[in-house]
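Notes to accompany the following structure.
Naming: A, B, ... by sequence-line order, numbering from 1 per chain. FYI, side chains are in, hydrogens and waters are out, and symmetry mates aren't considered; it's all heavy atoms of this structure.
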Amino acid sequence: MWWRKLEEKIVYFMMLISVASLVALLLAVLLSIFIKGVPYISWEMISQTPRGGYYFGREGGVLNAIVGSLYLSTGAVLLSLAFSLPLSLAMNIHLRTRRKTVNRIRFVLDILWGIPSIVYGAFGFTLMIYLGIQASLLAGIITVGIFIMPIMVRGMDEVMKNVPVHLIESAFSVGSTRMEVAFRVMLRQTIPGIVTAILLAFGRGIGDVASVLFTTGYTDNLPTSITQQTATLPLAVFFQLGSPIPEVQNRAYASAIILTVIILIISISVRMISKKYHKII
Amino acid sequence: MAMETTKLSIQNLNLWFGKQKILNNINIDIPENKVTVILGPSGCGKTTLMKTMNRLVDLQGGARTSGKIILDGEDILNTRRDIALVRQKMGLLSQRPTPLPMSIFNNVAYGLRLKGIRGRKKLTPLVEKHLIEANLWDEVRDRLHDPASRLSIGQQQRLCLARGLAVDPEIILADEPTSALDPISASVIENQFFKLKENYTILLVTHIMRQARRIADKVVFMYLGEVIEQADVHEFFNNPKQKMTRDYLQGAFY
Ligand SMILES: Nc1ncnc2c1ncn2[C@@H]1O[C@H](COP(=O)(O)OP(=O)(O)O)[C@@H](O)[C@H]1O
Ligand SMILES: [Mg+2]
């Protein structure tokens with residue numbers, strides 16, 4: 001029996017190593033950004049727009065990018081939601097009897113999920129030319145909206161798929177229509193999962209550079225209209241890091257911290273929402 | 001014996017899942033305001049038969065049927081009418097209770113709202129009425145707005161009964177409704193069926209012989225997708241015609 005114990009120890013040890021290296025990696029990433037960026041975090045950084053241009057200017061902040069990113073991601077999430085929610089409900093209620101069709105849709109969504117965001121950026125760019133839209137908040141919202149849709153749909157689909165068949169059947173058995181089952185039962189039952197999927201998609205959207213690179217443009221001003229160019233945090237990091245001026249490079253790290261904190265807040269709220277929900281149920 | 005009216009008549013019913021034939025030439029007349037019990041070993045198609053009656057099989061991919069199910073002169077298996085309305089004529093109680101993700105009150109009100117009844121003033125007395133009918137009122141009157149999931153399994157099953165009754169069905173379909181329950185909750189449900197049959201036609205699937213003896217008026221014995229024997233309860237238990245029925249009653253197979 002000694003080898004069984006040994007086996008158990010080895011597996012345990014391997015688990016320990018992988019958990020430890022994951023945590024170490026996370027800390028290393030966070031620390032490297034925080035050490036470089038924290039000295040440059042200031043109230044000015046998050047409350048003002050840049051002065052002297054984002055590329056050369058050493059004054060002001062990145063409020064334009066913070067606001068731009070929030071607008072962009074919110075817009076993209078709303079756009080994506082308008083398609084994702086009906087699609088995932090249809091996949092799990094209306095198309096219930098067509099398992100093959102649903103699995104094909106899932107397959108396509110998984111492929112879309114795997115496509116790198118730069119491809120969505122290029123697609124968005126082509127679409128803009130085709131529709132005759134300039135680089136703008138709107139173009140960015142459309143591109144990011146398409147980019148995060150597979151993530152959102154599959155996130156929602158995954159929770160809806162796991163709703164017990166009995167529950168759906170009993171809702172039908174009292175004479176509900178498919179719409180009633182979808183909105184009064186399925187939606188209620190899966191709300192926390194849906195919120196999680198939305199926040200996950202939001203996090204992916206707000207952190208992505210490649211999809212906004214050609215589509216939103218960049219500006220030092222706060223966005224005032226969806227037809228105008230807008231700054232975003234990932235691009236703020238990208239451009240400032242590319243500046244030859246060391247102070248501007250440091251501001252890139254500060255911007256990265258801001259972006260990271262926004263994403264951390266989202267991730268933590270996802271956790272809290274699902275925990276709280278489990279308590280109610 | 002008193003005159004019986006047939007409430008629901010199953011005629012030459014066949015059902016396939018893909019290529020596999022699950023129900024084979026089923027013919028059953030279900031008498032009005034009586035309890036008809038379906039007995040049979042597990043896997044013989046009892047649940048499928050129930051789900052065919054309220055067209056829940058439609059939700060399962062690959063199911064195909066032939067034959068007729070006549071309810072009040074209408075063939076509900078092939079009707080072109082809205083299936084949701086057909087389903088409202090039957091309340092279904094499944095093996096495990098399935099409370100909807102909402103409060104106790106709203107679980108019962110769900111069915112009422114489907115029927116177009118709106119507003120607290122109209123809903124409240126009806127919710128109470130159906131909770132009383134399901135023998136649950138006294139236990140939940142003070143916590144109607146708690147989530148239904150907080151109830152015990154036995155209470156949840158009675159809540160499902162109340163929800164089913166709320167759509168004002170004529171038939172109650174119960175598929176081994178007590179099999180997941182403790183003996184006390186099970187006997188509460190059983191007793192409720194006794195009372196409910198005054199106003200409802202009840203179809204009950206069970207594998208508990210004692211339960212069948214106690215509440216059945218008519219018994220149908222199924223085996224491998226076929227009806228082997230159907231008879232009045234006394235006739236069925238005291239004088240079964242088929243050898244297979246006798247074997248089953250003696251516990252030769254389950
Ligand atoms: N959705 C389905 N697809 C294919 N076969 C099924 C499906 N549902 C049930 N069956 C089969 O139909 C037969 C009858 O099942 P069921 O009606 O659940 O029996 P019972 O309720 O009497 O135990 C079983 O052999 C089962 O495997
Ligand atoms: Mg069954």
Side-chain angles (χ1 to χ4, degrees), chain A residues 85 88-107 156-157 159-196 273-281, chain B residues 47 50-51 53-63 82-103 106-116 146-150 156-157 159-169 171-173 175 180:
Chain A
L85 196 59
S88 52
L89 284 172
M91 281 165 67
N92 288 284
I93 306 266
H94 298 70
L95 298 175
R96 255 193 122 66
T97 52
R98 310 239 205 119
R99 211 167 297 157
K100 260 194 199 150
T101 311
V102 172
N103 282 334
R104 274 185 205 139
I105 298 175
R106 285 190 182 126
F107 180 63
M156 293 177 181
D157 175 44
V159 281
M160 291 184 186
K161 214 167 72 179
N162 288 325
V163 169
V165 181
H166 285 289
L167 183 64
I168 301 301
E169 283 185 347
S170 67
F172 273 115
S173 78
V174 287
S176 320
T177 62
R178 292 192 284 201
M179 281 301 174
E180 283 158 346
V181 176
F183 287 99
R184 295 202 189 159
V185 179
M186 185 62 104
L187 206 58
R188 275 173 103 81
Q189 181 79 9
T190 54
I191 270 288
I194 289 171
V195 173
T196 307
I273 287 171
S274 45
K275 261 212 185 121
K276 197 167 175 193
Y277 179 76
H278 280 299
K279 255 183 225 153
I280 299 173
I281 250 201
Chain B
T47 299
M50 285 278 201
K51 286 188 180 171
M53 284 187 244
N54 69 356
R55 299 279 300 268
L56 275 185
V57 276
D58 293 14
L59 303 177
Q60 260 145 16
D82 187 359
I83 299 167
L85 295 177
V86 174
R87 288 190 184 128
Q88 286 185 353
K89 290 191 164 190
M90 304 179 215
L92 177 76
L93 213 50
S94 50
Q95 215 156 339
R96 311 201 120 266
T98 50
L100 300 174
M102 46 190 86
S103 68
N106 281 329
N107 256 278
V108 185
Y110 182 91
L112 298 168
R113 290 196 177 108
L114 288 184
K115 296 222 111 180
D146 278 7
S149 54
R150 299 232 182 111
Q156 285 183 11
Q157 190 65 303
L159 181 65
C160 292
L161 180 60
R163 181 185 64 202
L165 296 176
V167 291
D168 209 8
I171 301 171
I172 296 172
L173 304 174
D175 188 2

Checking heavy atoms, do the side chain of A:Arg98, its backbone, both or neither come under 4.5 Å from chain B?
-> neither
Side chain from CB out, backbone as N, CA, C, O: work out which of these in B:Arg163 comes under 4.5 Å of a heavy atom of chain A, or both, or neither.
-> both
Based on non-hydrogen pairs under 4.5 Å, which of B:Gln60, B:Arg55, B:Arg96 is most in contact with chain A?
-> B:Gln60
Do the side chain of A:Ser176 and the main chain of A:Ala171 share a donor and acceptor less than 3.5 angstrom apart?
-> yes
Please tell me if the side chains of B:Lys51 and B:Leu173 come closer than 4.5 Å, counting only heavy atoms from C-beta onward.
-> no
Please flag which part of B:Pro99 lies under 4.5 Å from any non-hydrogen atom of chain A: side chain, backbone, both or neither.
-> backbone
Sort B:Leu59 into side chain, backbone, both or neither according to what part of it lies under 4.5 angstrom from a heavy atom of chain A.
-> both
With no hydrogens and no angle check, is any side-chain donor or acceptor of A:Gln189 less than 3.5 Å from a backbone partner on A:Met186?
-> no
Hey, is A:Arg106 close enough to A:Asp157 for a salt bridge, meaning N to O under 4.0 Å?
-> yes
Side-chain donor/acceptor of A:Thr190 to backbone N/O of A:Gly193, under 3.5 Å = no
Residue, of A:Glu169, A:Arg96, A:Lys100, that accumulates the most heavy atom pairs under 4.5 Å with chain B | A:Glu169
Max heavy-atom pair count under 4.5 Å with chain A, selected residue of B:Val86, B:Ile83, B:Leu56, B:Leu93 = B:Leu56
Which bit of A:Arg184 is near chain B, if near means a heavy-atom gap under 4.5 Å: side chain, backbone, both or neither?
-> both
At a heavy-atom separation under 4.5 Å, does B:Met90 approach chain A through its side chain, its backbone, both, or neither?
-> backbone
Do B:Asp175 and B:Thr47 get their side chains close enough for a donor-acceptor pair, meaning under 3.5 Å?
-> yes
Do A:Ile93 and A:Phe172 touch side chain to side chain, with heavy atoms closer than 4.5 Å?
-> yes
Interface moiety of B:Lys115 toward chain A, non-hydrogen atoms closer than 4.5 Å | neither
